Protein chains: 2
Amino acid sequence: MNIGEAAEQANLPRKTIRYYEEIGLITPVRSENGYRDYSEMEVHRLRFLQRSRSLGFTIEECRLLLSLYDDKHRASADVKAIAEAKVVEIDKKIKELTELKATLSALAHSCHGDRRPDCPIISDLAGEPCV
Amino acid sequence: MNIGEAAEQANLPRKTIRYYEEIGLITPVRSENGYRDYSEMEVHRLRFLQRSRSLGFTIEECRLLLSLYDDKHRASADVKAIAEAKVVEIDKKIKELTELKATLSALAHSCHGDRRPDCPIISDLAGEPCV
DNA sequence: GATAGAGGTTCCAGCAACTGGAAGGTCAAG
DNA sequence: CTTGACCTTCCAGTTGCTGGAACCTCTATC
């Protein structure tokens, strides 16, 4: 199947699929006319990529997951470890953003937000850096 | 003052400061020897940038904030609006990450994580894409 | 005066993960 | 035979820096 249909089935932009090929995540054969020709297996791979990217795995993590996906004898523990590490990472990011939001909310609340030119937000930004 | 001390006082890497100059956020004069020469005002600007970047504002938002910072007659409402929009944005990101974490945690929990080759995480990734 | 080291300068390239556009080939329908 | 939708490649841009190479300048010491 051509890239257009593969893109539709995998829910990925064509450009992204070509990019994945460029970085060696997938290598479809070519038809006589030079068009990429995707098999069902390859569409599966693309869907796998779409799903794992949407779950926040980096390309390199996807590459690793794909190799585990291909390896029929890999232990599930390997996969679980990657997923759990990702959970920790995401959790850390959530905490960081939560702190950020608190700081910024406090700043916004402290600002009267009218036509007066003095503004506590600007004052804070101009103040000492947070180290 | 030279870039090294400015960097220290603003808590920013030299490279970053040069980059900020390249994109027009700051334009120090040059000494006879060609070295950049930062005034106290400019170090303030750099600190302002450091702080706002660390609060999650993009470079373009920083540019806007700086122009408001420079404008003695701007209304605090303008600044407040930017800060509040950022809070909404951050909140959205937190929600997304929280959902992500829930999905990934559930997957990791459902995986026995032993030496068996079948793995529910891989099965899920290989399944239908989340649209 | 020579030299070493710690500053400074420029420019070029690269990261992640695409995305957009130009210039052109191919195919099916009317 | 032309139109339009598809496909191809290649080049450049995005965000916000970061690293490195090659080179200049200043200060201190021998």
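The structure presented is a predicted model; accordingly, all values stated were derived computationally and were not measured. Lettering follows sequence order; numbering is per chain, from 1.
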task: With a 4.0 angstrom cut-off to heavy atoms of chain B, pull out the first and last contacting nucleotide of DNA chain D, in 5'-to-3' order.
output: dG16(D) to dC26(D)
- request: Check whether L25(B) and I3(B) end up in the same hydrophobic cluster, where Ile, Leu, Val, Met, Phe, Trp and Tyr are linked by side-chain heavy atoms less than 4.5 Å apart.
  value: yes
- line: Of R30(A) and I59(B), the one whose nearest nucleotide on DNA chain D sits closer to the 5' end is R30(A)
- line: Separation of dA16(C) atom P from R63(A) atom CZ, nearest Å, is 10 Å
message: Mind checking if Y20(A) touches a base, just sugar-phosphate, or nothing, with heavy atoms under 4.0 Å?
response: sugar-phosphate
task: Using atom CZ of R14(A) as one end and atom C1' of dG21(C) as the other, report the distance to the nearest whole Å.
output: 15 Å
query: Is any side-chain heavy atom of I59(B) closer than 4.5 Å to a side-chain heavy atom of R53(B)?
result: yes
- prompt: CG of L12(A) to CG of L49(A): how many Å apart, nearest 0.5 Å?
  reply: 7.5 Å
field: Transitive ILVMFWY side-chain link Y38(B) to L66(B), under 4.5 Å
entry: yes
query: Within the structure shown, what part of the strands sits under 4.0 Å from R53(A) by heavy-atom distance: base, sugar-phosphate, or nothing?
result: sugar-phosphate
task: Let me know the distance between CG of L25(A) and P of dA17(C), rounded to the nearest Å.
output: 10 Å
message: Please report the interatomic distance CD(E42(A)) to NE2(H44(A)), rounded to the nearest 0.5 Å.
response: 12.0 Å
- prompt: About how many Å separate CD of Q50(A) and SG of C62(A), when rounded to the nearest 0.5 Å?
  reply: 10.0 Å
- request: Could you list by number each residue of residues 83-91 of chain B showing a heavy-atom separation from DNA chain D of less than 4.0 Å, or answer none if no residue does?
  value: none
- request: Write down the distance between CZ (R18(B)) and C1' (dC12(C)), rounded to a whole number of angstrom.
  value: 15 Å
- prompt: Rounded to the Å, how far apart are K15(B) NZ and dT9(C) P?
  reply: 11 Å
query: So what does I3(A) touch, heavy atoms closer than 4.0 Å: a base, only the sugar-phosphate, or nothing?
result: sugar-phosphate
query: Charged N to carboxylate O under 4.0 angstrom, K86(A) versus E89(A)?
result: yes
- request: Decide, yes or no, whether a salt bridge links E22(A) with R36(A) under the criterion of side-chain N to carboxylate O below 4.0 Å.
  value: no
- request: May I ask you to say whether E60(B) pairs ionically with R63(B), meaning some side-chain N is under 4.0 Å from a carboxylate O?
  value: yes
- request: Measure from OH on Y19(B) to C1' on dA13(C) and round the result to the nearest Å.
  value: 15 Å
L104(A) side, atom CG; D91(B) side, atom CG - distance, nearest 0.5 Å: 11.5 Å
message: At a heavy-atom distance below 4.0 Å, what parts of residues 32-42 of chain B sit against DNA chain D?
response: N33(B), Y35(B)
field: Side-chain ion pair, R18(A) and E21(A), N-O less than 4.0 Å
entry: no
- request: Rounded off to whole Å, could you give me the CG-to-P distance for the N11(A) and dC18(C) pair?
  value: 13 Å
